[in-house]
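A short worksheet on the structure shown next.
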Amino acid sequence: QKEVEQNSGPLSVPEGAIASLNCTYSDRGSQSFFWYRQYSGKSPELIMFIYSNGDKEDGRFTAQLNKASQYVSLLIRDSQPSDSATYLCAANYGGSQGNLIFGKGTKLSVKP
Amino acid sequence: NAGVTQTPKFRILKIGQSMTLQCAQDMNHNYMYWYRQDPGMGLKLIYYSVGAGITDKGEVPNGYNVSRSTTEDFPLRLELAAPSQTSVYFCASSYTTGSGQPQHFGDGTRLSIL
(Lines give C-alpha, C1' and ligand atoms only; values in the text may rest on other atoms or scores of the structure.)
Protein backbone atom coordinates (compact mmCIF):
# COMPACT_ATOMS: atom_id res chain seq x y z
CA GLN A 1 0.00 0.00 0.00
CA LYS A 2 1.31 3.40 -0.96
CA GLU A 3 1.84 5.58 2.09
CA VAL A 4 3.28 8.93 3.03
CA GLU A 5 4.32 9.28 6.66
CA GLN A 6 4.75 12.50 8.60
CA ASN A 7 5.24 13.26 12.27
CA SER A 8 1.97 14.88 13.33
CA GLY A 9 3.72 17.24 15.77
CA PRO A 10 3.07 19.78 16.97
CA LEU A 11 6.50 21.10 16.12
CA SER A 12 7.23 24.25 18.05
CA VAL A 13 10.05 26.60 17.08
CA PRO A 14 10.91 30.15 18.18
CA GLU A 15 10.56 33.02 15.77
CA GLY A 16 13.63 33.36 13.57
CA ALA A 17 14.67 29.72 13.92
CA ILE A 18 14.81 27.04 11.23
CA ALA A 19 11.84 24.69 11.12
CA SER A 20 12.54 21.24 9.73
CA LEU A 21 9.62 19.12 8.50
CA ASN A 22 10.13 15.55 7.41
CA CYS A 23 8.28 13.03 5.29
CA THR A 24 8.91 9.45 4.16
CA TYR A 25 7.17 7.59 1.37
CA SER A 26 6.73 3.91 0.67
CA ASP A 27 6.44 3.72 -3.13
CA ARG A 28 9.76 3.84 -4.95
CA GLY A 29 7.81 4.62 -8.11
CA SER A 30 6.82 8.03 -6.79
CA GLN A 31 8.12 10.66 -9.16
CA SER A 32 7.46 14.05 -7.64
CA PHE A 33 6.74 15.44 -4.23
CA PHE A 34 4.76 18.41 -3.04
CA TRP A 35 4.59 20.46 0.12
CA TYR A 36 1.28 22.14 0.87
CA ARG A 37 0.55 24.56 3.71
CA GLN A 38 -2.89 24.47 5.28
CA TYR A 39 -4.06 27.09 7.73
CA SER A 40 -6.77 26.03 10.14
CA GLY A 41 -10.13 25.94 8.39
CA LYS A 42 -8.60 26.72 5.00
CA SER A 43 -7.71 24.78 1.89
CA PRO A 44 -4.22 23.48 1.11
CA GLU A 45 -1.97 25.84 -0.82
CA LEU A 46 1.13 24.73 -2.69
CA ILE A 47 4.46 25.87 -1.28
CA MET A 48 6.96 23.85 -3.27
CA PHE A 49 7.45 20.75 -5.37
CA ILE A 50 10.57 18.70 -6.04
CA TYR A 51 11.32 15.77 -8.31
CA SER A 52 15.12 15.64 -8.50
CA ASN A 53 17.47 14.42 -5.79
CA GLY A 54 19.06 17.21 -3.81
CA ASP A 55 17.90 20.62 -2.66
CA LYS A 56 15.52 23.12 -4.18
CA GLU A 57 15.32 26.61 -2.71
CA ASP A 58 12.56 29.19 -2.99
CA GLY A 59 12.92 32.20 -0.73
CA ARG A 60 12.85 31.05 2.88
CA PHE A 61 11.85 27.52 1.89
CA THR A 62 14.13 24.66 0.90
CA ALA A 63 12.85 21.27 -0.16
CA GLN A 64 15.19 18.29 0.01
CA LEU A 65 14.71 14.93 -1.71
CA ASN A 66 16.64 11.71 -1.17
CA LYS A 67 15.13 8.99 -3.36
CA ALA A 68 17.51 6.30 -2.08
CA SER A 69 16.22 6.84 1.46
CA GLN A 70 12.67 7.67 0.27
CA TYR A 71 12.82 10.85 2.29
CA VAL A 72 11.59 14.37 1.65
CA SER A 73 12.02 17.38 3.89
CA LEU A 74 11.06 21.02 4.02
CA LEU A 75 13.19 23.61 5.77
CA ILE A 76 11.76 26.99 6.67
CA ARG A 77 14.41 29.56 7.50
CA ASP A 78 13.75 32.63 9.64
CA SER A 79 10.43 31.17 10.77
CA GLN A 80 7.63 33.67 11.34
CA PRO A 81 4.44 33.35 13.40
CA SER A 82 2.57 33.52 10.07
CA ASP A 83 4.22 30.19 9.15
CA SER A 84 2.19 28.50 11.89
CA ALA A 85 0.04 25.99 10.00
CA THR A 86 -0.19 22.33 9.13
CA TYR A 87 2.21 21.23 6.41
CA LEU A 88 1.10 18.40 4.16
CA CYS A 89 3.57 16.27 2.23
CA ALA A 90 2.27 14.57 -0.92
CA ALA A 91 3.79 12.08 -3.33
CA ASN A 92 2.76 11.68 -6.95
CA TYR A 93 2.88 7.96 -7.55
CA GLY A 94 2.91 8.32 -11.26
CA GLY A 95 0.62 6.83 -13.80
CA SER A 96 -1.62 8.79 -16.11
CA GLN A 97 -3.86 10.00 -13.36
CA GLY A 98 -1.31 12.07 -11.53
CA ASN A 99 -2.84 11.04 -8.25
CA LEU A 100 -1.33 12.26 -5.03
CA ILE A 101 -0.98 10.40 -1.75
CA PHE A 102 -1.02 12.80 1.17
CA GLY A 103 0.51 12.43 4.58
CA LYS A 104 -1.52 13.41 7.64
CA GLY A 105 0.42 16.62 8.01
CA THR A 106 2.74 18.16 10.59
CA LYS A 107 1.42 21.02 12.68
CA LEU A 108 3.99 23.78 13.05
CA SER A 109 3.79 26.46 15.71
CA VAL A 110 6.16 29.42 15.55
CA LYS A 111 6.36 31.24 18.89
CA PRO A 112 7.05 35.01 18.91
CA ASN B 1 -9.39 34.99 -11.13
CA ALA B 2 -11.76 32.39 -9.67
CA GLY B 3 -9.68 29.17 -9.94
CA VAL B 4 -11.58 26.29 -8.33
CA THR B 5 -14.99 27.20 -6.93
CA GLN B 6 -16.91 24.95 -4.56
CA THR B 7 -20.50 25.33 -3.41
CA PRO B 8 -21.95 25.24 -0.85
CA LYS B 9 -19.35 26.18 1.79
CA PHE B 10 -21.33 24.63 4.63
CA ARG B 11 -24.18 22.16 4.79
CA ILE B 12 -26.00 20.12 7.40
CA LEU B 13 -27.81 17.01 6.23
CA LYS B 14 -30.01 14.50 7.96
CA ILE B 15 -29.15 10.80 7.78
CA GLY B 16 -30.53 9.32 4.57
CA GLN B 17 -30.75 12.60 2.67
CA SER B 18 -28.87 13.16 -0.55
CA MET B 19 -27.09 16.16 -2.00
CA THR B 20 -24.66 17.28 -4.66
CA LEU B 21 -21.46 19.17 -3.94
CA GLN B 22 -20.61 21.44 -6.82
CA CYS B 23 -17.14 22.09 -8.19
CA ALA B 24 -16.17 24.28 -11.12
CA GLN B 25 -12.80 25.39 -12.45
CA ASP B 26 -12.04 28.08 -15.01
CA MET B 27 -8.41 27.18 -15.72
CA ASN B 28 -9.16 24.70 -18.54
CA HIS B 29 -7.64 21.90 -16.48
CA ASN B 30 -8.13 18.37 -17.72
CA TYR B 31 -7.72 16.65 -14.37
CA MET B 32 -10.10 17.08 -11.46
CA TYR B 33 -10.24 15.42 -8.08
CA TRP B 34 -12.46 15.08 -5.02
CA TYR B 35 -10.91 14.59 -1.60
CA ARG B 36 -12.27 14.33 1.90
CA GLN B 37 -10.36 15.41 4.97
CA ASP B 38 -11.30 14.20 8.41
CA PRO B 39 -10.00 16.02 11.53
CA GLY B 40 -6.27 15.46 12.05
CA MET B 41 -6.02 13.41 8.91
CA GLY B 42 -4.59 13.91 5.48
CA LEU B 43 -6.58 14.10 2.30
CA LYS B 44 -8.19 10.94 0.97
CA LEU B 45 -9.02 10.70 -2.73
CA ILE B 46 -12.67 9.87 -3.41
CA TYR B 47 -12.92 10.12 -7.21
CA TYR B 48 -10.97 11.68 -10.01
CA SER B 49 -11.44 12.55 -13.66
CA VAL B 50 -8.90 12.82 -16.45
CA GLY B 51 -11.27 14.60 -18.81
CA ALA B 52 -14.89 15.11 -19.74
CA GLY B 53 -16.76 11.81 -19.71
CA ILE B 54 -13.99 9.92 -17.89
CA THR B 55 -14.07 9.26 -14.15
CA ASP B 56 -12.54 6.67 -11.86
CA LYS B 57 -12.56 5.64 -8.23
CA GLY B 58 -9.99 6.77 -5.74
CA GLU B 59 -9.18 5.38 -2.32
CA VAL B 60 -12.56 5.94 -0.60
CA PRO B 61 -15.37 5.96 -3.23
CA ASN B 62 -18.11 4.10 -1.35
CA GLY B 63 -21.24 6.18 -0.83
CA TYR B 64 -20.35 8.72 -3.52
CA ASN B 65 -20.87 9.19 -7.23
CA VAL B 66 -19.45 11.64 -9.75
CA SER B 67 -19.99 12.77 -13.29
CA ARG B 68 -17.96 14.94 -15.67
CA SER B 69 -20.03 16.19 -18.56
CA THR B 70 -17.89 19.27 -19.20
CA THR B 71 -14.25 20.22 -18.67
CA GLU B 72 -15.26 22.85 -16.14
CA ASP B 73 -17.60 20.98 -13.80
CA PHE B 74 -17.10 17.95 -11.57
CA PRO B 75 -20.01 17.47 -9.12
CA LEU B 76 -19.90 14.95 -6.27
CA ARG B 77 -23.14 13.21 -5.32
CA LEU B 78 -23.87 11.79 -1.89
CA GLU B 79 -26.70 9.28 -1.82
CA LEU B 80 -28.21 8.18 1.50
CA ALA B 81 -25.98 10.36 3.68
CA ALA B 82 -24.42 8.64 6.70
CA PRO B 83 -22.70 10.13 9.79
CA SER B 84 -19.39 8.66 8.55
CA GLN B 85 -19.56 11.10 5.64
CA THR B 86 -19.24 14.08 7.98
CA SER B 87 -16.06 15.69 6.71
CA VAL B 88 -14.54 18.57 4.78
CA TYR B 89 -14.63 17.98 1.05
CA PHE B 90 -12.09 19.54 -1.26
CA CYS B 91 -12.18 19.68 -5.03
CA ALA B 92 -8.91 20.14 -6.91
CA SER B 93 -7.74 20.42 -10.49
CA SER B 94 -4.51 20.23 -12.42
CA TYR B 95 -3.52 20.88 -16.03
CA THR B 96 -1.47 17.76 -16.61
CA THR B 97 0.11 15.08 -14.51
CA GLY B 98 3.71 15.70 -15.44
CA SER B 99 6.34 16.11 -12.77
CA GLY B 100 5.83 19.26 -10.84
CA GLN B 101 2.27 19.87 -11.93
CA PRO B 102 0.47 20.99 -8.78
CA GLN B 103 -3.13 20.47 -7.87
CA HIS B 104 -5.10 23.64 -7.16
CA PHE B 105 -7.68 23.38 -4.42
CA GLY B 106 -11.05 24.97 -3.86
CA ASP B 107 -12.03 26.44 -0.49
CA GLY B 108 -13.83 23.28 0.60
CA THR B 109 -17.33 22.26 1.66
CA ARG B 110 -17.88 21.51 5.33
CA LEU B 111 -20.55 18.84 5.59
CA SER B 112 -22.20 17.53 8.75
CA ILE B 113 -24.54 14.56 8.75
CA LEU B 114 -26.81 14.43 11.80
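Keep in mind that what you see is a predicted model, and the values were worked out from it rather than measured. Proteins get letters first, then strands, A, B, ... in listed order; numbering begins at 1 in each.
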What heavy-atom pair brings [X] and [Y] nearest, and what distance separates the two atoms?
X	Y	result
A:Ser43	B:Gly106	CB-O, 2.9 Å
B:Pro102	A:Phe34	CA-CE2, 3.8 Å
B:Phe90	A:Gln38	CZ-NE2, 3.7 Å
A:Lys42	B:Arg110	N-NH2, 3.8 Å

Query raised in the report: Which bit of A:Phe33 is near chain B, if near means a heavy-atom gap under 4.5 Å: side chain, backbone, both or neither?
Result: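 Neither part; nothing is under 4.5 Å.
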Can you hop from [X] to [Y] via hydrophobic side chains spaced under 4.5 Å?
X	Y	answer
B:Tyr35	B:Met32	no
A:Tyr36	A:Phe49	yes
B:Val88	A:Leu88	yes
A:Leu75	A:Leu108	no

Query raised in the report: Just how far is it from atom NZ of A:Lys104 to atom CD of B:Gln37, taken to the nearest 0.5 Å?
Result: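 Answer for the NZ-CD pair, A:Lys104 versus B:Gln37, is 12.0 Å.
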Query raised in the report: What part of B:Leu45 lies closer than 4.5 angstrom to a heavy atom of chain A: side chain, backbone, both or neither?
Result: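 Answer is side chain: those atoms of B:Leu45 sit under 4.5 Å from chain A.
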Query raised in the report: Do you know which of B:Leu43, B:Asp107, B:Asn30 has the most heavy-atom pairs under 4.5 Å to chain A?
Result: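 Greatest number of close heavy-atom pairs with chain A: B:Leu43.
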Just wondering, more than 12 heavy atoms not from [X] lying within 6.0 Å of its [atom1]?
X	atom1	answer
B:Ile15	CD1	yes
A:Lys67	NZ	yes
A:Lys111	NZ	no

Report task. Evaluate side-chain contact (heavy atoms from CB on, under 4.5 Å) for A:Leu100 paired with B:Gln103, printing each intermediate quantity in order. Result -> CA-CA 9 Å; A:Leu100 298 181; B:Gln103 293 184 12; 3.5 Å; yes
